[in-house]
Amino acid sequence: MEEENVKQPLLEKKKKKYYENCPGCKVDKEKELSEGQGVPFTKLFIVWMLVLCAALPISSLFPFLYFMVRDFNIAKTEADISSYSGYVGSAFMLGRCLTSLLWGTIADRIGRKPVIIIGIISVIIFNTLFGLSTSFWMAVIMRFLLGSLNCLFGPVKAYTTELFREEHQALGLSTVSAAWGIGLIIGPALGGYLSQPVEKYPHIFPKDSFWDKFPYFLPNIVISTFAFVVAIGCIWIPETLHNHNCSDEYTEDAKALENGNSGAGIENIQKNENLFLNWPLMSSIISYCIFSLHDIAYLEVFSLWAVSPQRLGGLNFTTDDVGNVLSISGLALIIYQLTIYPSVEKTSGPISLARISSILSIPLLQSYPFIALLSGLALYIVLSIFSILKNILSITIITGLLLLQNRAVEQHQRGAANGVALTCMSLFSAIGPATGGTLLTWSQKRMDASFLPGTHMVFFVLNIIQAFGLLMMFKPFLVEKKKMHTDQLH
């Protein structure tokens, strides 16, 4: 006992050693001094802005993509428009899949902040150029380049974990997932409200003007302008990566303390763990990928289904109608994340809550085709309620898996770990829009089938993916990395 008591103060003394010119040490010192000061709202705001920059361009095109592809005159039939739309939607995720691991490794070497700024600049440039697309292939290339250089989401997750004290990390990561989900909802809302402005707001945007020639430019330039403002603000955000070289003994001692171990257990800590052999990390990433595939496919299918004609099982909505529904969902999601989720998560734990959410999503999603039987006000009310519930359940699932991922690795590997997660997620998400669009086209060509006719089939396939993801959230597949000082997730 005496030996342990001697070692523990020595380790604590080492851990409190800060390097003068190290930005990571400066952040750690600030966190130590802020103990007991409550929720750091300024940091939450920083995270919100960064994640919105990453999320808004991903889905903002979905409400108008059907009409954009139609205007390219590349589809031979009306039903084929959904397939071509899926290819444009997948180009972003394919580009991100090919570069995410690289950007994560770069973030571990040069810092989180420069990589985040590069990602925001890519949004400003390529999202703007996408709005100026005059052909199908120009649209695909711009989305691919945007995905390749939009390296925000992975580094932001690592950045969030390092920016907050441990007792606020769950709040920080839930903010990431909430901002991500809300961005994926606000993006399509902006796309719905601001696309084709000459038709919707003729008193502001005259016919035969620039806005008439490029009817899908306005939502893209609005998002790019927002990204430009955030890029300016990033000048003042702190860097969290340490830039000094510590001795092996110091590094291991500090990690032992972070993991709640005494000095006697230091020899069991590895400085550089093989991420692909870290099963708590990889199991959460695989589950995360399955649900990401489902979510991006759902977003694509929902937007295309809503604007499709009623004779093909759609709702015959305008882009404004889609924007209205998604705006209501986004507002409800914000309220849920700030008021309901924290208390429910403390009661049941994020992983148990994610499992329950996944179970509830299945009957909810399979009910969507019956909404097309409604009309008028009843259609809007029921669709809005279903959209709110579906998005709340999806965000609850993603939040729990994000918590597992970032608790499974130490800081010096967190950027690479999030790069691996983003690479895998992007690969699955690249499949989502193309598959969703193709499935919707196929289902709309079998309206008179005896088994799951029309859109019943596409939502059934989405539910198969959801059910598979649910199974992968249970032991022995999903494993949590145990920490002595960390609350259990289960």
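This structure is a prediction, so every number in the text was calculated from the model and none was measured.
With a 4.5 Å cut-off on side-chain heavy atoms, V47 and V176 count as touching. The shortest side-chain heavy-atom distance between D295 and L299 does not fall under the 4.5 Å cut-off. With contacts defined as side-chain heavy-atom distances shorter than 4.5 Å, the pair R96/L146 does not qualify. Between F126 and N150, every side-chain heavy-atom pair lies at or beyond the 4.5 Å cut-off. Looking at heavy atoms from C-beta onward, L364 lies in side-chain contact with L393 at the 4.5 angstrom threshold. Proximity of L462 to Q466: side-chain heavy atoms (C-beta onward) are nowhere separated by under 4.5 Å. With a 4.5 Å cut-off on side-chain heavy atoms, Q444 and W442 do not count as touching. Here the side chains of S283 and M472 are not in contact, with every heavy-atom distance at 4.5 Å or above.
When all heavy atoms are compared, the tightest approach of V123 to P57 is CG1-CG, 3.7 Å. Nearest heavy-atom pair across M425 and C289 is N-SG, 3.3 Å.
Annotation: the span from Y201 atom OH to L218 atom CG amounts to 8.5 Å, rounded to 0.5 Å. The distance from the OG atom of S329 to the CD1 atom of I186 is 11.0 Å, given to the nearest 0.5 Å. Rounding to the nearest 0.5 Å places OH of Y216 at 13.5 Å from CG of L194. Interatomic distance, L190 CG to S327 OG, rounded to the nearest 0.5 Å: 7.5 Å. In this structure, the separation between CG on L132 and CG on L129 is 6.0 Å, given to the nearest 0.5 Å. Note that OH of Y159 and CG of L163 are 5.0 Å apart. Values are rounded to the nearest 0.5 Å.
Side chains of S443 and T455: no donor on one and acceptor on the other come within 3.5 Å. In this model, a donor atom of one side chain and an acceptor atom of the other lie less than 3.5 Å apart for K390 and S394. Between the side chains of Y193 and N324, at least one donor N or O lies within less than 3.5 Å of an accepting N or O. No side-chain donor-acceptor contact under 3.5 Å links T99 and S148.
With ring centers used as reference points, F136 lies under 6.0 Å from Y84. Taking the centre of each ring, H456 and F370 come in below the 6.0 Å mark. Ring centroids of F45 and F41 are separated by 6.0 Å or more, keeping the two rings apart. Here the two rings, on W137 and Y87, have centers that are 6.0 Å apart or farther. Annotation: Y380 is in aromatic contact with F317 [ring centroid separation under 6.0 Å]. In summary, the aromatic rings of F459 and Y298 are positioned with their centroids too far apart to meet the 6.0 Å limit.
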Could you check F210 against F217 for ring pair (Phe, Tyr, Trp, His ring centres under 6.0 Å), going step by step and ending with a plain yes or no?
CA-CA 9 Å; F210 171 85; F217 179 70; 5.3 Å; yes
Go through the steps for F64 and N220 under the test side-chain contact (heavy atoms from CB on, under 4.5 Å), then give the verdict.
CA-CA 11 Å; F64 63 78; N220 290 280; 3.9 Å; yes
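Counting only distance, with no hydrogens or angles, the side chain of N463 and the backbone of I362 share a donor-acceptor pair below 3.5 Å. Proximity of a side-chain donor or acceptor of K200 to a complementary backbone N or O of S195 within less than 3.5 Å is detected. Checking side-chain atoms of S287 against main-chain N and O of S284 turns up no donor-acceptor pair under 3.5 Å. Distance alone, capped at 3.5 Å, is enough to place a donor-acceptor pair between the S292 side chain and the Y288 backbone. Without hydrogens or angle criteria, N127 side chain to I124 main chain gives no donor-acceptor distance under 3.5 Å. No side-chain donor-acceptor contact under 3.5 Å links S303 to the backbone of E300. Side-chain atoms of R355 come within 3.5 Å of backbone atoms of M473 as a donor-acceptor pair (strictly under, hydrogens ignored).
A salt bridge does not link D80 with R70: none of the charged nitrogens is closer than 4.0 Å to a carboxylate oxygen.
Note: F205 and W211 have perpendicular aromatic rings, judged against thresholds of 30 and 60 degrees for the angle between ring planes.
Within 6.0 Å of the CZ atom in F214, the count of heavy atoms belonging to other residues, nucleotides or ligands exceeds 12. Residue F228 qualifies as open at atom CZ: its count of foreign heavy atoms under 6.0 Å is 12 or below.
Judged by a 6.0 Å distance limit and a 45° cone about the ring axis, R143 is positioned over the six-membered ring of F130.
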